[in-house]
Protein chains: 2
Amino acid sequence: MIASEILKIHEIKKTPGRIAIINALQQNDQPLSETEIKSGMNEMYDRITFYRNIQTLTTAGIVHKIVIDNTIIKYELSCSGKEHTHHNEHAHFYCEECHSVTCLKQIKIPEFNLPEGFMYDDSDIIIKGTCKKCSHQITTKDLE
Amino acid sequence: MIASEILKIHEIKKTPGRIAIINALQQNDQPLSETEIKSGMNEMYDRITFYRNIQTLTTAGIVHKIVIDNTIIKYELSCSGKEHTHHNEHAHFYCEECHSVTCLKQIKIPEFNLPEGFMYDDSDIIIKGTCKKCSHQITTKDLE
DNA sequence: ATACAAATGAAACAATGTTGCAAATGTAGT
DNA sequence: ACTACATTTGCAACATTGTTTCATTTGTAT
């Protein structure tokens, strides 16, 4: 689905900044950082507008924000395809070697059995470790 | 176990700042923010020293850092009791009403089935919603 | 009591995010 | 296509959070 349609469905004004963010996220299957999104936007990038648009898109449920250890922040489209999903569905993997973030679509968010009185809204699962590429590099280095 | 013992076991120097942090965390069963830890330290509080000590204690596995949406940061003792545990064991609940963070010791971190090549180190589960106290307040307000 | 490495605290910096406000832009109605 | 109005933008200035450098102080083992 094209960026302008997504905005229309959510009744959010169609502006260049927002379209650029959605396009950048659609063109990648992995979550992107602010810098990565910025690099796709030729010159017409304003830090303040970016922050405001990310906030608008996030509260609308279009974009999901993934935060690792409060330094690394990545964005992804909420469930590419489905529109009105406001909820995170899968876990994310953070590589402590190369600092990349990978969607683990295989690992679904389970149903949590919350204690009496608690109401569920959303959840995040961050798994940390070494990603496939890096663990391969480490292993081969050992063999040298 | 007393603060100085914990530091000794981990072969970390016993300094007033570190002891103050551990004491503050031991006196509360819920995770504390920097401000909350600070308020327990009369005057002898230095921001830079705090950051450095939190980092030392975190990498030693004594303290665990819980980050919500990269604005709210809370600290807790890693599995009060067991010493050499470097890993998070239970999920945390973030209340979107009162912004409190609660340990959900009932909800253990499951075994994740990572894809081929990925190596596991640690993980965080953050569940967001409305806590017991706040959901009660909301419900009673509806009845008025 | 001494010696040495590690920790502290100050200043200065860096990165990240927010607010107020005038100008520009998007959208709905004609 | 034009107008009107609210929303969004972009700028300056600010606020918060975290880091680096370095001289001084402190903890610990001998």
Side-chain angles (χ1 to χ4, degrees), chain A residues 2-24 31-60 62-75 94 99 101, chain B residues 2-24 31-75 99 101:
Chain A
I2 209 143
S4 57
E5 290 182 277
I6 296 176
L7 291 171
K8 192 161 199 177
I9 289 174
H10 289 82
E11 295 181 328
I12 290 173
K13 283 194 180 170
K14 182 172 66 178
T15 67
R18 291 170 186 171
I19 290 174
I21 292 174
I22 296 177
N23 282 341
L32 300 181
S33 65
E34 176 185 345
T35 316
E36 288 163 333
I37 294 173
K38 173 183 173 182
S39 75
M41 298 164 71
N42 34 336
E43 314 307 324
M44 60 85 78
Y45 175 83
D46 178 67
R47 213 164 49 92
I48 295 123
T49 304
F50 175 83
Y51 287 132
R52 279 192 282 221
N53 280 334
I54 277 291
Q55 189 157 332
T56 306
L57 295 172
T58 304
T59 50
I62 298 171
V63 166
H64 185 246
K65 191 173 170 182
I66 305 149
V67 180
I68 317 279
D69 272 354
N70 103 338
T71 32
I72 295 176
I73 299 169
K74 300 265 184 169
Y75 305 96
Y94 171 66
H99 310 287
V101 174
Chain B
I2 208 141
S4 57
E5 288 181 278
I6 296 177
L7 291 171
K8 192 161 200 177
I9 289 174
H10 288 82
E11 294 180 331
I12 291 173
K13 283 193 180 171
K14 182 172 66 177
T15 67
R18 291 169 186 172
I19 290 174
I21 291 173
I22 296 177
N23 282 341
L32 300 181
S33 65
E34 175 186 345
T35 316
E36 288 163 332
I37 293 173
K38 174 183 172 182
S39 74
M41 297 163 71
N42 34 335
E43 313 308 323
M44 61 84 76
Y45 175 82
D46 178 68
R47 213 164 50 93
I48 295 127
T49 305
F50 175 83
Y51 287 131
R52 279 192 283 222
N53 280 335
I54 277 293
Q55 190 158 330
T56 306
L57 294 173
T58 304
T59 50
I62 298 171
V63 166
H64 185 247
K65 189 173 170 182
I66 305 148
V67 181
I68 318 279
D69 272 353
N70 103 339
T71 32
I72 295 177
I73 299 169
K74 300 266 184 168
Y75 305 96
H99 309 287
V101 174

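Here is how names work: the chains are called A, B, and so on, in the same order as the sequence lines, proteins then strands, and each is numbered from 1.
With sequence neighbours excluded, the residues satisfying side-chain contact (heavy atoms from CB on, under 4.5 Å) with B/Lys38 are B/Tyr45. For B/Gln55, the side-chain contact (heavy atoms from CB on, under 4.5 Å) criterion is met by no residue, not counting sequence neighbours. A/Ala20 meets the side-chain contact (heavy atoms from CB on, under 4.5 Å) test with A/Met41; sequence neighbours excluded. The side chain to side chain donor-acceptor pair (under 3.5 Å) search around A/Ser4 returns none, not counting sequence neighbours.
Ring geometry for A/Tyr75 versus A/Phe50: interplanar angle over 60°, hence perpendicular rather than tilted (30 to 60°).
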* Structure fact -> In B/S/- notation (B base, S sugar-phosphate only, - none; protein heavy atoms under 4.0 Å), nucleotides 18-30 of chain D written 5' to 3' is BBBB-----BS--
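At distances below 3.5 Å, not a single donor-acceptor pair connects side-chain atoms of A/Arg18 with backbone N or O atoms of A/Leu57.
Within the 4.5 Å cutoff, the side chain of A/Thr15 has no heavy atoms near those of the A/Thr49 side chain.
Think of the region where chain B sits on DNA chain C: with heavy atoms and a 4.0 Å cut, that region ends 5' and 3' at C/dA5 to C/dG17.
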